[in-house]
Chemist: 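Take a look at the following structure, please.
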Amino acid sequence: MTTFKTVQQAKNEINKLLKFVDLVETYNVKNVDQQIIKEYAYLGSIVKVAKEINHLGYSIDGRPYTSEDVSAVIKSRGNDELHKLIRTGYLRKTRHSRRKYSKSY
């Protein structure tokens with residue numbers, strides 16, 4: 001734990017995490033985009049997801065998935081609850097690298 005939490009805050013966080021785990025484990029995959037979302041929920045790495053998706057035999061017009069393809073799927077507007085959660089987490093995780101620093105000399 002990074003900061004002190006009350007018992008109630010800890011219980012709320014546990015419930016939130018349990019709901020997330022249940023959502024991922026019961027996620028019904030119908031297409032490659034949903035497979036990417038589910039794999040990212042398990043692996044947490046764009047590069048690892050691209051490798052796994054390619055290993056599963058998916059391709060885009062005969063070429064393998066790249067990390068840019070996976071990233072584009074995750075950053076797209078989510079149409080289900082898990083995609084929205086994953087997108088929010090991914091954008092929060094990568095916020096530092098997407099910021100533009102302007103030099104004012």
Side-chain angles (χ1 to χ4, degrees):
M1 292 191 318
T2 57
T3 60
F4 177 77
K5 294 186 184 295
T6 64
V7 172
Q8 188 58 45
Q9 289 171 330
K11 286 180 180 181
N12 291 341
E13 190 171 332
I14 289 169
N15 287 335
K16 184 178 172 183
L17 291 172
L18 287 173
K19 287 179 186 177
F20 175 73
V21 169
D22 186 52
L23 181 63
V24 173
E25 289 179 345
T26 60
Y27 192 63
N28 192 10
V29 175
K30 297 177 185 162
N31 57 40
V32 68
D33 289 354
Q34 290 178 336
Q35 184 69 41
I36 288 170
I37 297 301
K38 186 170 186 173
E39 292 296 330
Y40 188 78
Y42 278 106
L43 301 173
S45 166
I46 296 292
V47 174
K48 289 179 183 177
V49 171
K51 274 186 189 176
E52 184 62 25
I53 290 296
N54 291 327
H55 178 72
L56 292 173
Y58 292 106
S59 64
I60 302 173
D61 298 327
R63 72 170 177 82
Y65 272 84
T66 64
S67 55
E68 290 80 19
D69 299 324
V70 172
S71 176
V73 169
I74 291 172
K75 286 193 272 186
S76 68
R77 285 274 183 213
N79 52 1
D80 57 51
E81 188 177 353
L82 181 60
H83 191 161
K84 290 175 185 175
L85 285 172
I86 294 298
R87 179 177 186 260
T88 301
Y90 176 75
L91 292 176
R92 186 177 300 126
K93 179 180 176 181
T94 60
R95 180 180 301 152
H96 68 281
S97 64
R98 290 181 288 111
R99 286 192 177 159
K100 296 186 180 190
Y101 296 100
S102 61
K103 295 181 180 179
S104 55
Y105 291 89

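These numbers come from the heavy atoms of this one structure, side chains and all, not from hydrogens, waters or symmetry mates.
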Chemist: In Å and rounded to the nearest 0.5 Å, what is the CZ to CG distance from Arg87 to Leu82?
Modeler: 14.0 Å
Chemist: Under a plain distance cut-off of 3.5 Å, with no hydrogens placed, do Tyr40 and Ser45 share a side-chain donor-acceptor pair?
Modeler: no
Chemist: At what distance, to the nearest 0.5 angstrom, does CD1 of Ile37 lie from OH of Tyr90?
Modeler: 11.0 Å
Chemist: Would you mind listing every ring pair (Phe, Tyr, Trp, His ring centres under 6.0 Å) that reaches into residues 66-85, with sequence neighbours excluded?
Modeler: none
Chemist: The criterion is side-chain hydrogen bond (donor to acceptor under 3.5 Å, both in side chains); which residues satisfy it with Glu13, sequence neighbours excluded?
Modeler: Lys5
Chemist: Does the side chain of Asn31 come under 3.5 Å of the side chain of Gln35 through a donor N or O and an acceptor N or O?
Modeler: no
Chemist: Any donor and acceptor pair, going by atom type alone, linking the side chain of Asn54 with main-chain N or O of Pro64 inside 3.5 Å?
Modeler: no
Chemist: Please check if any side-chain donor atom of Thr6 sits under 3.5 Å from a side-chain acceptor atom of Gln8, or the reverse.
Modeler: no
Chemist: Could you work out, with side-chain hydrogen bond (donor to acceptor under 3.5 Å, both in side chains) as the rule, every residue matching Tyr27, not counting sequence neighbours?
Modeler: Asp80
Chemist: What heavy-atom pair brings Glu25 and Lys38 nearest, and what distance separates the two atoms?
Modeler: O-NZ, 4.4 Å
Chemist: Looking at CG of Leu23 and CG of Leu18, how far apart are the two atoms once the value is rounded to the nearest 0.5 Å?
Modeler: 12.5 Å
Chemist: Looking at Asn12, is its backbone amide N or carbonyl O close enough to the side chain of Asn15 to form a donor-acceptor pair, meaning the two atoms are under 3.5 Å apart?
Modeler: no
